[in-house]
Amino acid sequence: MASKESVLHLVGLGRSYQEIGAELGIPAGQAYLVGTGIPADGGSTVTRAQRQRPGVLPSRTQVLVNPREVNPMSSRQVHDWMRDRARADGLARPDR
């Protein structure tokens, strides 16, 4: 079970919350909450006193709970699928 002490110990060793979460078997956002007492989703205002807590990141904690999405349009496989679907669609044919 993850404890505040174990999370802060790993922070002190220079580990990221993603690494800490993986080591402790919990999501990175949960590791941040356990270590700091502050939710990583940005759902609440962080006071000046809270910003002084050990382990608090200066900004961008939302990424701990919502990793960046991958744009499927950058995938060659998606482009090929879209092209094939468009070719199969009779209404999309230029000769109509």
Side-chain angles (χ1 to χ4, degrees):
M1 171 128 196
S3 68
K4 180 177 181 175
E5 292 76 21
S6 63
V7 170
L8 293 179
H9 173 74
L10 293 170
V11 168
L13 294 176
R15 304 266 178 80
S16 71
Y17 280 102
Q18 289 85 349
E19 293 169 328
I20 294 168
E23 185 166 329
L24 298 177
I26 60 175
Q30 186 176 347
Y32 187 78
L33 177 62
V34 169
T36 66
I38 301 169
D41 67 1
S44 62
T45 303
V46 180
T47 66
R48 181 175 291 167
Q50 288 174 321
R51 276 187 237 115
Q52 303 305 314
R53 292 180 184 177
V56 172
L57 297 175
S59 65
R60 300 194 44 106
T61 58
Q62 184 73 35
V63 72
L64 298 175
V65 291
N66 294 316
R68 296 196 123 211
E69 295 178 4
V70 176
N71 183 356
M73 295 301 294
S74 63
S75 166
R76 170 64 23 217
Q77 184 178 13
V78 171
H79 283 286
D80 292 345
W81 178 84
M82 290 172 45
R83 184 194 62 241
D84 294 344
R85 291 291 298 163
R87 283 184 181 157
D89 184 357
L91 297 176
R93 296 182 60 186
D95 60 341
R96 289 198 137 209

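Side chains included, hydrogens not; waters and symmetry mates left out as well; all remaining heavy atoms used.
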Test log, rule side-chain contact (heavy atoms from CB on, under 4.5 Å), inputs H79 and R83: CA-CA 6 Å; H79 283 286; R83 184 194 62 241; over 6 Å; no

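Nearest heavy-atom pair across I38 and R53 is CG1-NH1, 3.6 Å.
Salt bridge annotation for R85-D89: absent, with no cationic side-chain nitrogen under 4.0 angstrom from a carboxylate oxygen.
I26 and V11 fall within the same hydrophobic cluster, defined by Ile, Leu, Val, Met, Phe, Trp and Tyr side-chain heavy atoms under 4.5 Å apart, directly or through other members. L64 and L8 fall into different hydrophobic clusters, where Ile, Leu, Val, Met, Phe, Trp and Tyr are joined by side-chain heavy atoms under 4.5 Å apart, directly or via other members. A single hydrophobic cluster is seen to contain both L24 and L57, as judged by linkage of ILVMFWY side chains at heavy-atom distances under 4.5 Å, directly or through other members.
A side chain to side chain contact (heavy atoms under 4.5 Å, CB included) with D41 is found for exactly one of L33, N66, T61, V65, namely V65.
Y32 is not listed as a side-chain neighbour of I20, based on a closest heavy-atom distance of 4.5 Å or more.
Side chain of R51 to backbone of V56: no donor-acceptor contact under 3.5 angstrom is found.
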